[in-house]
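Proteins get letters first, then strands, A, B, ... in listed order; numbering begins at 1 in each. Side-chain atoms are counted along with the backbone in the values below, which use heavy atoms only and exclude waters and symmetry mates.
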Amino acid sequence: MADAAAAIASAETSVGSVAPESKPQTAEIKRWGDMVDDEEQPGDTASSSEDKVVGELEVDKLTIEDSKKVNKFLDDPEDSSIQAVTSGDTPYTSAATFEDLNLSPELLKGLYVEMKFQKPSKIQAISLPMILTSPYKDLIAQAHNGSGKTTCFVLGMLSRVDPNVKRPQALCICPTRELSIQNLEVLQKMGKYTGISSECAVPMDSGNNDRSRSRPPIFAQVVIGTPGTIKRLMSQKKLSVVDMKVLVFDEADHMLAKDGFQDDSLRIMKDIERVNGHCQVLLFSATFDETVKNFVSRIVRKDYNQLFVKKEELSLDSVKQYKVYCPDEMTKILAIKDRILELGENLGQTIIFVNTKRSASMLHKALVDLGYEVTTIHGALTHEDRDKIVKEFKDGLTQVLISTDVLARGFDQQQVNLVINYDLPVKYETPSEPHYEVYLHRIGRAGRFGRKGAVFNFVMTDRDVMIMEKIDKYFGTRVKEVASWNSEEDFKVALKEAGLL
DNA sequence: AAAAAAG
C-alpha cells in the first residue's frame with residue numbers, strides 16, 4: 001500500500017516561452033519574498049516607489065498531481081530547479097500571487113505594506129499551498145539561501161493560527177538565539193495587522209538570576225525559540241501544546257542531526273504528538289545531506305510532501321567565490337587588513353568566519369591592535385553582548401563582523417556583500433573533510449536575495465588545499481584563485497568581477 | 001578541548 005502513494009512532480013527547468021525580457025540584474029528591485037529589514041535605508045530613496053510588476057516572469061498556475069506528471073515551474077534566474085514530491089492525492093496549485101492563498105486581508109496587508117512584497121518567490125509559490133491546504137501534511141522543504149524560506153513558514157504559522165484562540169498554536173524552533181529573534185522580528189512585521197500575539201522563547205538576560213521562576217507561562221499564539229528553553233518551558237508546563245497546529249524546525253537538518261539538536265528536537269516533537277496528534281511539522285533548510293534527509297523522512301508522518309534542490313545547483317551564481325593562498329597566519333591577517341579593511345565602506349558589510357572562539361578572539365585582537373574597528377560574536381559572550389553586537393551590525397553601525405558559526409546559518413543582513421572564510425569549515429570528527437553544509441550556509445550570508453556578493457576562502461595548509469578541491473567537486477564549482485594575497489590589483493579584479501567595486 | 005543551547 002505504501003508504495004502506490006508517492007507521486008513525483010519533477011520541477012525541472014522548464015521556462016519555455018516566457019520572459020524574453022531582460023532580467024533585472026542591476027536594479028535593486030524587490031522581487032523576492034524574504035526581503036526583511038529593508039526598512040532603514042538611510043535616507044531611503046525612491047526605491048520601492050513604483051509598484052510596477054517587477055519580475056517579468058509570470059509564474060504560471062499549475063498543478064502538482066498525484067501522477068507521474070512533470071510539472072513545470074518557471075525558472076527564476078537565481079533559483080534553478082526545485083524537485084517537488086507530493087504524497088497522496090491532494091492536488092496543489094502553485095500560487096502566482098499571494099491572493100491565491102486565501103490569506104486574511106490583514107495578513108495580505110502585512111505582506112504588501114510592511115514587507116513590501118509583490119508576489120511569492122518560487123519556493124513560496126510551491127510550498128505555501130502545501131502548507132495551507134487541508135489536510136495539513138508535514139513538509140520537508142529545501143531551498144536556496146535567501147530565497148524566502150522564512151516567509152514560507154512565518155506565513156504558514158500566521159495563517160494557520162486562529163486569531164480567536166488566545167493560546168499557543170504555532171511553534172518554531174531554531175538553532176540559535178539570534179535566529180529566533182530574527183525570525184520573530186519577521187513574523188511581527190508581517191503579522192502587524194493580524195493582531196496575532198507572538199513571543200520569543202530564548203534564555204533570558206543573564207542579569208536575571210532566577211530565570212526559571214521568573215518566567216511567566218506563555219499565552220502568545222506563536223512562539224519562536226531555541227530548543228533548551230522550549231524544552232524547559234514544556235516540562236514546566238508553562239508552554240501548552242494542546243492547541244498546537246504547526247511545529248516548524250528552521251535549519252531543520254541541523255536541528256535533527258545527531259551532532260546538532262537531534263535529541264532535543266525529537267523530544268519536543270514527541271511530547272507534542274503525545275498530546276496532540278494533529279500538529280503539522282514543517283522542516284526547512286538550505287541543506288539536507290543524505291544521512292539527515294533519510295532520517296528526517298522517517299520521523300515525519302508517512303503522508304508528507306517534500307521539496308529538494310540538487311546540491312550542484314545550490315550555490316548561487318550571484319555570489320562569486322575565490323580562494324587565496326596565504327602561507328601563514330600572519331599573512332591571513334595582513335590580507336584582511338590590506339586587501340579588505342583598507343577598502344573601507346566601499347564594499348558594504350563583511351563577515352569573517354572562523355572555526356573557534358579562540359580564533360575569533362585572536363583575530364579580533366590582532367585587527368584591533370592594528371587600529372581597525374571590528375566587532376566579534378561567539379557563544380561565550382553574554383546574551384546582552386551578543387544582542388548588542390548583532391544589533392549594531394544590523395543597524396550598519398559596524399562594518400566588519402568576526403563570527404564563529406553562530407551566525408553561519410540564517411543570519412540575514414542584506415548589506416553583507418563579502419564573506420571571508422578565515423578558517424575553512426571542516427567536520428569536527430574528520431578535520432580533513434570539508435563541512436559542506438556549513439560552507440554553503442556561510443557563503444549564503446552574502447548576496448542575499450539575488451544581490452551581488454563575494455567570498456574569499458583563505459587557504460593556508462596542504463589540508464586547506466585539499467578541502468577546497470573537495471568543495472569544488474562536491475558542488476560542481478570552480479572556485480577561482482586570487483593569484484597573490486599581496487596584490488591589490490588581483491583583489492580589485494576579483495571584487496570588480498563580483499560586482500562589488 | 002567545536003559551535004551552539006542549557007543545566
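Here B:dA6 is the nucleotide among B:dA4, B:dA3, B:dA6 with the atom lying nearest to any side-chain atom of A:Pro203. Distance from the side chain of A:Asp259 is smallest to B:dA2 among B:dA6, B:dA4, B:dA2. Across B:dA4, B:dA6, B:dA2, the shortest atom-to-atom separation from the side chain of A:Lys357 is found for B:dA4.
Put simply, CD on A:Glu429 is 13 Å from C1' on B:dA3, counting in whole angstrom units. Atoms CD (A:Gln236) and P (B:dA6) sit 12 Å apart, rounded to a whole Å. Put simply, NE2 on A:His435 is 15 Å from P on B:dA2, counting in whole angstrom units. Here B:dA4 presents its P atom at 14 Å from CZ of A:Phe411, a figure rounded to the nearest Å. Look at CD on A:Gln262: it is 19 Å from P on B:dA5, rounded to the nearest Å. Rounded to an integer number of Å, the gap from CG of A:Asp250 to C1' of B:dA5 is 15 Å. Computed from coordinates, the A:Asp264 CG to B:dA3 P distance equals 19 Å when rounded to whole Å. Taking atom CD1 of A:Ile173 as the reference point, atom P of B:dA5 lies 14 Å away to the nearest angstrom.
Taken residue by residue, residues 398-410 of chain A places heavy atoms nearer than 4.0 Å to DNA chain B at A:Thr404, A:Val406.
The side chain of A:Thr226 contributes an N or O atom lying less than 4.0 Å from OP1 or OP2 of B:dA6. Between A:Arg442 and B:dA3, a side-chain N or O to OP1/OP2 separation shorter than 4.0 Å is absent. Put simply, A:Thr229 has no side-chain N or O that comes within less than 4.0 Å of OP1 or OP2 on B:dA5. Side-chain N/O atoms of A:Arg232 include one lying less than 4.0 angstrom from OP1 or OP2 on B:dG7.
In terms of modelled atom types and a separation under 3.5 Å, the side chain of A:His144 and the main chain of A:Ser147 share no donor-acceptor contact.
When the side chain to side chain donor-acceptor pair (under 3.5 Å) test is applied to A:His364, the partners found at least two apart in sequence or on another chain are A:Thr376. Shown here are the side chain to side chain donor-acceptor pair (under 3.5 Å) partners of A:His254, two or more places apart in sequence or in another chain: there are none.
Nucleic acid contact class of A:Arg358 (heavy atoms, under 4.0 Å, all strands): none. Backbone-only engagement by A:His378 is indicated by non-hydrogen atom pairs under 4.0 Å involving sugar-phosphate atoms exclusively.
The distance between the ring centers of A:Phe353 and A:Tyr422 does not fall below 6.0 angstrom.
Inspection of the A:Gln413 and A:Gln349 side chains reveals an N or O donor paired with an N or O acceptor under 3.5 Å.
Between A:Met244 and A:Gln169 the shortest heavy-atom distance is SD-C, 3.3 Å.
More than 12 heavy atoms of other shown residues, nucleotides or ligands fall within 6.0 angstrom of atom CD in A:Glu429.
Using a cut-off of 4.0 Å between Lys/Arg side-chain N and Asp/Glu carboxylate O, A:Asp405 and A:Arg442 are scored as salt-bridged.
Between the base of B:dA5 and the side chain of A:His383 there is no donor-acceptor pair shorter than 3.5 Å.
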